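One is the number of the first residue; the rest follow in order along the sequence. Note that the structure is predicted; figures quoted are calculated from it, not measured.
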Amino acid sequence: MTIDRKAAIAAYKERKTIAGIYVVRCAASGEAWVGQAPNLETIQNRIWFSLRQGNHTCRTLQAAWNAHGEAGLTFGECERLEDEETDYVRNALLKERVLHWRDELKAEAI
């Protein structure tokens, strides 16, 4: 059993993460928020958790959550980034693309 556990831990550490840009939308108010994440697969859980706790750093997003609840918000991916050689290149590209999507969607930053 310990070998299986060690193999599972090793596989978890070696998994590839997908960086990218995401959007959270409120259907009732028409508001949108755009952010960047080094791992698109986990960012929604992190955002929803902080919203449920009532302590998300984006006040307008928290207000929309408080007014309309979880059912009033949707999460979507705008863009996935190719696997980059270095963190520096990936982070620079994320910053550039989040500005593009904020402008494109007339969205606030998360």
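Within a 6.0 Å sphere centred on CZ of F49, other residues, nucleotides and ligands contribute 12 heavy atoms or fewer. Atom CD of E82 has 12 or fewer heavy atoms from other residues, nucleotides or ligands within 6.0 Å.
Between the CD atom of E79 and the CD atom of E104 there is a distance of 10.5 Å, given to the nearest 0.5 Å.
Judged by distance alone, the side chain of Q62 and the main-chain N or O of L51 form a donor-acceptor pair under 3.5 Å.
Linking Ile, Leu, Val, Met, Phe, Trp and Tyr residues whenever their side-chain heavy atoms come within less than 4.5 Å places W101 and L93 in a single cluster. Grouping the Ile, Leu, Val, Met, Phe, Trp and Tyr side chains by contacts below 4.5 angstrom, directly or via other members, places L94 apart from V89. A continuous path of ILVMFWY side-chain contacts below 4.5 Å connects I110 to L40, so both sit in one hydrophobic cluster.
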Run the side-chain donor-acceptor check on residues 19-30: report pairs under 3.5 Å with partners two or more places apart or on a different chain.
residue: S29; atom: OG; partner: E31; partner atom: N; Å: 3.3
residue: S29; atom: OG; partner: E31; partner atom: OE1; Å: 2.9

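For L99, the side-chain contact (heavy atoms from CB on, under 4.5 Å) partners at least two apart in sequence or on another chain are R102. Contacts of E77 classified as salt bridge (charged side-chain N to carboxylate O under 4.0 Å, His left out), with partners at least two apart in sequence or in another chain: R80. Not a single salt bridge (charged side-chain N to carboxylate O under 4.0 Å, His left out) links D103 to another residue, sequence neighbours left out.
Sorted by first and then second residue, the pairs that involve residues 29-48 and meet ring-ring contact (aromatic ring centres under 6.0 Å, His included), not counting sequence neighbours, are W48-W65. Residue pairs satisfying the salt bridge (charged side-chain N to carboxylate O under 4.0 Å, His left out) criterion with at least one member in residues 38-53, sequence neighbours excluded, are listed as follows: R52-E70.
In this structure, the side chains of P38 and I43 stay at 4.5 Å or more apart for every pair of heavy atoms.
Counting all heavy atoms, side chain and backbone alike, S50 lies closest to H56 at OG-CD2, 2.9 Å. The two residues K95 and Q36 come nearest to each other via the heavy atoms N-OE1, 3.3 Å. Residue A107 comes nearest to V34 through the heavy atom pair CB-CG2, 3.5 Å, listed as atom of the first residue, atom of the second, then distance. The minimum heavy-atom distance between L81 and R90, with the atom names listed, is CD1-O, 4.3 Å.
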| task | Please report the C-alpha distance between L105 and C78 in whole Å, then the side-chain angles of each, then the deciding distance to 0.1 Å, and finally whether the side chain to side chain contact (heavy atoms under 4.5 Å, CB included) criterion is met. | result | CA-CA 10 Å; L105 299 174; C78 294; 3.9 Å; yes

